[in-house]
Amino acid sequence: MAAFSNLQQYENPSMGFHGGEKGTGSSLLSEGVQLHIQKDYVVLDNGILQVTLSNPGGHVTGIQYNGLENLLETDNGESDRGYWDVVWSGEGVTRKKGDLDRLDGTNLTVVVECEEKVEISFTRMWNSSLQAKVVPLNFDKRYVMLRGSSGFYTYAIYEHTSGWPAFDLDNTRIVFKLTKQKFRYMAIADNRQRYMPLPEDRSPERGQTLAYPEAVLLVHPVEPEFEGEVDDKYQYSCENKDLHVHGWICFDPPTGFWQITPSSEFRSGGPLKQNLTSHVGPYTLAMFLSAHYAGEDLVLKLNPGEPWKKVFGPVFMYLNSVVDKENALSLWDDAKEQYLKEVHCWPYSFPASEDFPCSDQRGKISGRLQVQDRYISHECIAANDAYVGLAPPGDAGSWQRECKGYQFWTKTDGDGSFCIGDIRTGDYNLYAWIPGFIGDYRNDTVITVTAGCEIDVGDLVYEPPRDGPTVWEIGIPDRSAAEFYIPDPNPKYINKLFINHPDRFRQYGLWERYADLYPDGDLVYEVGLSDYKKDWFYAQVNRKKDDGTLEGTTWQIKFKLDDVDQGGAFKLRLALATANVAELQVRINDPEIDPPHFSTGEIGHDNTIARHGVHGLYRLYNVDVPGTTLVEGDNTVFLTQTPRTSPLQGIIKLTAASVTRSKSLYLREAPQLHKSSIMSNQGVQLHIQERYVVMDNGILQVTLSKPEGIVTGIQYNGISNLLEVLNDESNRGYWDLVWSKEGSTGTTGTSYVIKGESFGVVVENEEQVEISFTRMWDPSLEGKLAPLNIDKRFIMLRNSSGFYSYAIYEHFEEWPAFNLPQTRIVFKLRKDKFHCMAVADNRQRSMPLPEDRLPERGEPLAYPEAVLLVNPVEDEFKGEVDDKYQYSCENKDLQVHGWICVNPPVGFWQITPSNEFRSGGPLKQNLSSHVGPISLAMFLSAHYSGEDMVLKLKPGEPWKKVFGPVFIYLNTLLDDENEPQWLWEDAKEQMLIEVQSWPYSFPASEDFPSSEQRGCVNGRLQVQDRFISDYCIPGNGAYVGLAPPGDIGSWQRECKGYQFWTKADPEGYFSINDIRTGDYNLYAWIPGFIGDYRNDEVITITPGCDLDLADVIYKPPRDGPTLWEIGIPNRSAAEFYIPDPDPKYINKLYVNHPDRFRQYGLWERYADLYPDEDLVYTVGTSDYAKDWFFAQVTRKKDDNSYQGTTWQIKFKLDSVQNSGSYKLRLALATANVAELQVRINSLETNPWSTGVIGHDNTIARHGIHGLYWLYNIEVPGSELVEEDNTIFLTQTMATSPFQGIMYDYIHKESLIGDTCEIHAEVSLFLSVLSRVSCISSDSVNPTKIVKGLGETLVTGYPSKNRGLYSKPPMIFRSDSNGEDLEGYAGAWLYDWSVSEILFLDWRHG
């Protein structure tokens, strides 16, 4: 009975994830956890690893794993290998550093010991005899090992009672010191990993200490490759929010050692607090409390009489391995996957301490955060990507200095909605800060979290400090100085990792570069001319003089004012990203005035400058500037960092913004620096002419034909027309569609530009103009035009650097049925101006000219869209392939794209703030921009899906839909010296502003509902897969959406209605806001799990509704444990082998690019790689990243015909149940006129077949997925054999090179368990099977009939951790004490309420 209870009490997040199929981790052994207690040692052993600890000290002295006798450094003393420690000092003691206490335990206790789990405790109890000798704390260090887990957990409880001495606690952590002969490669993040020097390289004989002991120049390292580099542990610091997994890799044998921290609730200082990670040693740290990057503000100070108790951890020490040394670096990827699994299981259910509450003992809070700033918008702005958290009650922003209690943080979604789950009980304030806005939010109400509570705080509104509109600003309010100028390091002091790295600020000695750049005078910044990315040094530091002393620095900000109200006041807001023993003085127009207009006083002990950081503690100062100190014309702000004693003293400014107190000026969005410099006090004007309509707001003019509604001209920034003037006026900027008659097949039809027949003015005032161009259908147009009424709208707002467009399409019930494959907006820009295209941060380039695609300059390839440029106008493009499909993008990522003109610098951008009106859901791929230069807004298309995505209106079917609004955004630079790249950065910022403003309040059509006319849905998605965990797993990163009611997965083919999608947070919580009224199903899919979720209940959205769906559970298809798997279930084939392109057919953009699959002609490379035989994949030996071609395509024969291909999967089975049935699950990422046939162990048998499926055309269009298909195939045990088996996968269709399939994921399941014949007598009124006997408990020779109440097939051998199925369902419990026959159990209970699967705890014998 006890063993059964333990099995149900906890989950094992790492169980089952270390199998050999993936090539990571250790083999999952079936033996239980064993505890060996010796005189001086305690050993935990689960057959995968052994952990040895000193007794009773509780220090980890050895870790045996993967053939390595000890992963820890055996040259160190046993207490100096793996340990907990603290740094502390007595109350009032002032010294640079406290005392180190390595927390030696004095007593060992076994808390839990069973085959499933061992938990042991090492305690030390404090008493007055220990005063001033050790830290006045009771501590309880715990270590936990689980069955089948490739690692171990540790946590500790610290307690200080009210009668004990006060003291300061500077630091507490876990340290592991690994063997330096083995662990040489360190990984902290995808872009922060490297081979590391040896600890000897830091010794005086080999290294030179620099400005402080931690920084050492390697002058004579053991390995010459490190010579000339600087090593400093602070270069590898990381913010709490990103510090989840880090560690080391040994290459022989390939082994990884990782610290995984699944939650930051027990860390101090909130999500931005920076901590050490791993560093030369090789050391790996789990930091819980430290003063790094904060100073004394983050020292935990316990006052006299103050009780305190806190649990630190658990954290997970994860070990993994691979067979092939060449794949050693894949251990990092596996460690990241393991981290996600640990997060899914937080809070863990297995810790035995009552001080660690389980999920049921915690609470949850949700709400929505908005920003109210009338100088940006009259309406509240959604706080997109805000950091929202609960921390102990305090002042606004106190969370960043809080270190005694627990904190719980999350990020808001695009609508500002948030949900924080699994909060410990207690009192909290709710805090937040929003990137893009200065200051801190705090909700004044103290929130009391109780066990099981679900608190909805509703809409919260943050009003950032603001007294008037922005006059100028420097920087971005994001609590970091990363956007400012960060110099190249002194070549004598480099870390090679950070050369050309996003974290270039981590180089040593950058503070010394200020004097190099400003040798004589200090920094001068001119508003309107200077660029903060180039001209504002990232840190205001001291200047070293010739005599070795230091002097302060004074920076100047020069700006102009057209008029000044001498009786009024201005406001200067200074946000500092960090400060270190600094004083900032502010003077206005008089550098000598004393005292200064403002002083911060001495602030900060962050030491960020020395520790290669770019932020520490955040400080905000609001400085009143009387109008009498300012003048019309030129003004100067003097910022003085007063003289100090160290080169490492100074401040890092985040932003400086001067604003007037004027209440009269309203800016919807005042362009700054890299936004449009053309501002106008002019209201919006509408000029109606005979053939044209012109909208003009003083920033741009948009000309449209009347009454057609074609955009014929856009005048902006000195360019008379951004559109191609060589084109006919009807071929510049237009809406169009493709349609066909009812019964037509395929994705083509008649294409035409939508031309209005009637023009109307909907709104006309100084703030806004909205105009309408309509075309009404009648029966006389049947067969000529699509049977639709269409109303095209265009909107221009005051002071807006762009214009909006949307359209309402309507089809009446009595009108003819028809098909609508496509509709979109097209802009054709001037080819002599716009040469650079940008679709994403890593997808932008100079583009060929349209002439380069003509027959005399280009050679068409396998289809017309793909052209090889053989004689382009510009030689740089020679030999490249151009194809518009190479720039396709998924809906979820297709929010802004466009073109840049360099002279004058102008950006033209299509911004789509919502996907609600697009078809096919978040993964639907659409065209973006391409050679022309052409920019598209695609609303409905069949690309990458085929006829399944053609909108087909049936006879008698009414339909109406609003497409848009989308925003056509224009921007420019303030001077020609700025890089045009900043136009892209600004366009992304504008996209975020548009997203925050959705749904817009200004469209006048009644068919476009405002936010108040919409509803919202929230809930939590969890996954139930008992072969991964006994408990539900949060749907971390799940895509959750509302779409019109339909079948499971129907959303990906849905094109008539609206869809609303979001991503779940790490706990599975989701919130979907601003949903149009109507009926929907809730759909979801979760990366890492096959299949689709659909909630069967139809959800009706009404205006203002707020529906809480609570917990929704997805049960992925599963009948048994995984035998093997190929790929990752993520609806994409990107993880498989993607070959290099034929050198004759390349696009330079995609050379060494993450999207390498976008190169032309990759389908032809299959025959190059497999010239004679088809692909053969051997489970356990092959690597799908290298050995599984991304697409199963046809093979071209010598006679230019094509033949199908047959791939083989070879695998072994130790035993086979001939009478049972196995499951093969095939998830396809795309298919194009393909038929997949599956055969087992013989090509001569009748196959299982998909039939002919798919018209996605993904292979030809350089995609990596199209529509998703999932097939669940029953494989009779009689078709399998012990030892070697082969699955044959044949793609039969072969008339084209583009026919074929891409696999997403292949998964083979075993039977649930072994069967045995069981005889039972059933006592119905007691619901007890009163007598039970096993005729056979031999899994090799099973029988199958259960006799008792009818005949019931039990498909599970009664063995620990195995599922046991029966129909009707049963729950079995063993409480045999040996009174039954030897070898058999007794007393099974029949449970009529259990639905299908229960776990059996069976002790055999």
Side-chain angles (χ1 to χ4, degrees), residues 711 731-739 747-749 751-754 786 788 790 792 804-809 819-829 837-840 843 865 883-899 908-951 961-969 987 991 994-995 1051-1059 1061 1158 1255-1258 1260-1263 1265-1267:
V711 183
N731 190 28
R732 299 178 184 177
Y734 54 86
W735 287 73
D736 70 8
L737 60 77
V738 176
W739 77 287
T747 60
T748 59
S751 172
Y752 65 82
V753 172
I754 301 168
L788 288 170
I790 297 177
K792 298 185 299 181
Y804 300 84
S805 185
Y806 68 108
I808 305 110
Y809 289 18
N819 299 342
L820 187 64
Q822 178 174 285
T823 191
R824 61 183 184 170
I825 304 174
V826 182
F827 285 97
K828 299 185 176 179
L829 308 180
M837 185 183 79
V839 179
R843 297 177 69 192
E865 292 88 351
D883 184 344
K884 66 182 179 180
Y885 292 110
Q886 292 178 319
Y887 307 105
S888 297
C889 196
E890 293 173 341
N891 282 344
K892 66 181 176 63
D893 302 319
L894 187 52
Q895 297 178 294
V896 56
H897 63 94
W899 292 82
F908 182 100
W909 309 102
Q910 288 252 21
I911 293 179
T912 305
S914 170
N915 282 319
E916 69 178 47
F917 42 78
R918 283 175 168 159
S919 60
L923 300 188
K924 171 69 173 74
Q925 296 165 89
N926 276 309
L927 295 173
S928 57
S929 293
H930 59 84
V931 162
I934 293 173
S935 181
L936 307 174
M938 302 295 299
F939 303 117
L940 177 66
S941 82
H943 300 137
Y944 302 93
S945 53
E947 194 171 351
D948 283 349
M949 279 297 297
V950 172
L951 189 153
K961 188 169 183 178
V962 178
F963 295 105
V966 296
F967 184 38
I968 315 309
Y969 177 58
M991 179 270 291
E994 300 299 321
V995 169
W1051 55 269
Q1052 66 173 345
R1053 293 172 169 84
E1054 206 289 318
C1055 50
K1056 292 181 180 178
Y1058 301 93
Q1059 299 196 31
W1061 288 84
R1158 297 188 188 278
H1255 290 83
D1256 301 3
N1257 211 11
T1258 302
R1261 288 172 173 170
H1262 326 294
H1265 71 83
L1267 296 179

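For reference, positions follow the sequence shown, starting with 1.
- Contact record, A1260 with N1257: CB-OD1, 3.4 Å, taken as the closest heavy-atom pair.
- With a 4.5 Å cut-off on side-chain heavy atoms, N926 and N891 count as touching.
- When all heavy atoms are compared, the tightest approach of P913 to V966 is CD-CA, 4.4 Å.
- Nearest approach of A942 to T747, heavy atoms of both residues: CB-CG2, 3.5 Å.
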Exercise for review: Dump the intermediate steps for side-chain hydrogen bond (donor to acceptor under 3.5 Å, both in side chains) on N915 and K892, then the final yes or no.
Suggested key: CA-CA 7 Å; N915 282 319; K892 66 181 176 63; over 6 Å; no
Exercise for review: Dump the intermediate steps for side chain to side chain contact (heavy atoms under 4.5 Å, CB included) on R1053 and L1267, then the final yes or no.
Suggested key: CA-CA 8 Å; R1053 293 172 169 84; L1267 296 179; 3.8 Å; yes
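- Residues D883 and H1262 share a closest heavy-atom pair of OD2-NE2, 2.7 Å.
- Within the 6.0 Å centre-distance limit, the rings of H943 and Y885 are counted as a close aromatic pair.
- Counting heavy atoms from C-beta on, the side chains of V826 and D736 come closer than 4.5 Å.
- Taking the six-membered ring where the residue is Trp, F939 and W735 present parallel rings, their angle staying beneath 30° rather than reaching 60°.
- The side-chain heavy atoms of L940 and L820, taken from C-beta on, include a pair separated by under 4.5 Å.
- One finds the CD atom of E947 at 12.5 Å from the CG atom of D1256 (value rounded to the nearest 0.5 Å).
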Practice item. Evaluate the criterion side-chain hydrogen bond (donor to acceptor under 3.5 Å, both in side chains) for residue pair S929 and Y887; output intermediate values, then yes/no. Key: CA-CA 7 Å; S929 293; Y887 307 105; over 6 Å; no
Practice item. For V738 and T748, run side chain to side chain contact (heavy atoms under 4.5 Å, CB included): C-alpha distance rounded to whole Å, both residues' side-chain angles, the deciding distance at 0.1 Å, then the answer. Key: CA-CA 7 Å; V738 176; T748 59; 5.5 Å; no
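- Considering only heavy atoms from C-beta on, Q910 comes within 4.5 Å of H897 through its side chain.
- Here the shortest heavy-atom pairing between N731 and K828 reads OD1-NZ, 2.7 Å.
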Practice item. Test T1258 against H1265 for side chain to side chain contact (heavy atoms under 4.5 Å, CB included), laying out the working first. Key: CA-CA 7 Å; T1258 302; H1265 71 83; 5.8 Å; no
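- The six-membered or imidazole ring of W909 lies away from that of W899, with a centre-to-centre distance of 6.0 Å or more.
- Annotation for G1057 and E1054: closest pair N-OE2, 2.9 Å, computed over non-hydrogen atoms.
- Side-chain contact check for H1255 and D948: no donor-acceptor pair (N or O, by modelled atom type) lies under 3.5 Å.
- For the atom pair CG (L894) and OG1 (T912), the distance works out to 6.0 Å, reported to the nearest 0.5 Å.
- A 4.5 Å side-chain heavy-atom check between Y1058 and V962 finds at least one atom pair inside the cut-off.
- H930 places none of its side-chain heavy atoms less than 4.5 Å from the side chain of Q886.
- Residues I968 and F908 form a side-chain contact, since some pair of their non-hydrogen atoms from C-beta on lies under 4.5 Å apart.
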Point to revise | Test side-chain hydrogen bond (donor to acceptor under 3.5 Å, both in side chains) applied to E890 and Y944, step by step | key: CA-CA 10 Å; E890 293 173 341; Y944 302 93; over 6 Å; no
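- Both tests do not hold together for K961 against F917: distance to the six-membered ring centre under 6.0 Å, angle to the ring axis within 45°.
- A distance-only check finds a donor-acceptor pair linking the side chain of Q1059 to the backbone of W1051 [under 3.5 Å].
- Screening R918, K924, R824 for a side chain to side chain donor-acceptor pair (under 3.5 Å) involving S941 leaves a single residue, K924.
- A donor-acceptor contact closer than 3.5 angstrom is absent between the side chains of S928 and K884.
- Looking only at side-chain heavy atoms (C-beta outward), E994 and Y804 come within less than 4.5 Å of each other.
- Remark: side-chain polar atoms of K1056 are not paired, donor with acceptor, to backbone N or O of S919 under 3.5 angstrom.
- Residues T823 and Y809 have side chains that bring a donor and an acceptor to within less than 3.5 angstrom of each other.
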Exercise for review: Would you check, one step at a time, whether the test side chain to side chain contact (heavy atoms under 4.5 Å, CB included) holds for L788 with L737?
Suggested key: CA-CA 11 Å; L788 288 170; L737 60 77; 4.3 Å; yes
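- Note: L927 CG to S888 OG = 4.5 Å, rounded to the nearest 0.5 Å.
- Using a distance-only test at 3.5 Å, with no hydrogens or angles considered, a donor-acceptor pair links the side chain of S914 to the main chain of E916.
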